[in-house]
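Just below is one structure, and these are the notes that go with it.
Both ligands and their constituent atoms are indexed starting at 1 by order of listing. Here the structure is a predicted model, which is why all the values come from computation and not from measurement.
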Amino acid sequence: MNELMRRMLFLPEQGSAYARQVDRLHYFVISMTMVGFVGVAATVLWFVIRYRRRAEGEPTPTIEPRPIHEVLFVGGPLALFLVWFAIGYPLYVRLQTPPRDAMDVYVMGKKWMWKFAYPGGPNDMDDLHVPAGRPVRLLITSRDVIHSFYMPAFRLKQDAVPGRYAETWFQADKPGRYEIFCAEYCGLGHSAMLGTLVVMEPEKFDAWMTEARRSPAVAAAQDTPDAAANPVATLARQGRNLAVEYGCMKCHSVDGTRHIGPSWLDLYLRKEPLEGGGTVVADEGYLTESMMDPGAKVVKGFAPVMPTFQGRIPGPEVAAIVEFIKTLRTDAVHPAPTPGRAYEPVPGFDPTRSR
Ligand code: CUA
């Protein structure tokens, strides 16, 4: 049934359980719409015949519907729409809440290509490598204009907006190659803004990751003498240097000391009370927002004195700084499982060295 409908509707293959669920909703909506269409058309036809003008000068009858008709007319479609919502909303929630053990990949759109960065691993252009059967969380941003990251086989589409991180996730069923498109018109090269999702056997992926970490580019980004033997989070290390370069360390401590701004130690996923009431969880989205629009949500007890870094820090560097903040944990040696932890924790990271 699934296969028949999929072919009839010319849908691409289904790369994940989520894709099949989205399709089931799609089939349901489209079948109901077709049933509705046939019903309306048949009624129109019947009325045309039943209420046709039979004689010259015949008066048009006034028809008063009974209350039950009104109720059915309003209640029927309403019930149908509510069923769609009841199926669709949990799907949406599922897409918005990546599993805790998901592997992170940073995705950056720029005119006109996709760039992928693995915490603790390599950067890659156009090809996104992931293991089959494991959840992968994507943190998506853009370097210039609005793009949209689109993987039809996974029924997954997420806008890439400059200065912001949007997250989404997927879990591929089996190894294979799938298309990645940009689904937001972004200029001349929009249609050429293509990528490939390469889903690998988990063991092959691990081998690929180990190999990629040994590559000269990754090794060069690491400042340990035996970088190849001791893979560390390159993004986080890059982030530490950038945080110093951009002057973040003048106001934020990394050892828990209170300074002009909140300390970065254990900041990631901390629940912060806000000036003017409410709380916020310091996830990737909030950390990015705080760099771009620091006045938007000021932590209680701190003055809104931070300047904006909108347009001053490019997307990948924001990602690096966020990754750095994520490594700053009191329990860094044995990090608690947190949503979207880095692919591997930074071993032996010493926060005092960055000051
Ligand atoms: Cu990027 Cu269209």
Scan for side chain to side chain donor-acceptor pair (under 3.5 Å) pairs involving residues 306-319, sequence neighbours excluded, and state none if there are none. Y246-E317
Would you please say whether a donor-acceptor pair under 3.5 Å links the side chains of Q21 and R155? no
Aromatic ring pairing W264/H252, orientation class (parallel under 30°, perpendicular over 60°, tilted between): parallel
Determine whether V254 and R240 make a side-chain contact, defined as any pair of heavy atoms from C-beta on separated by less than 4.5 Å. no
Is the shortest heavy-atom distance from the side chain of D23 to the side chain of Q14 under 4.5 Å? yes
Are there any protein N/O/S atoms under 2.8 Å from atom 1 (Cu) of ligand 1, and if so, which? H147 ND1, C182 SG, C186 SG, M193 SD
May I ask you to check whether D173 and S16 show a side-chain donor-acceptor distance below 3.5 Å? no
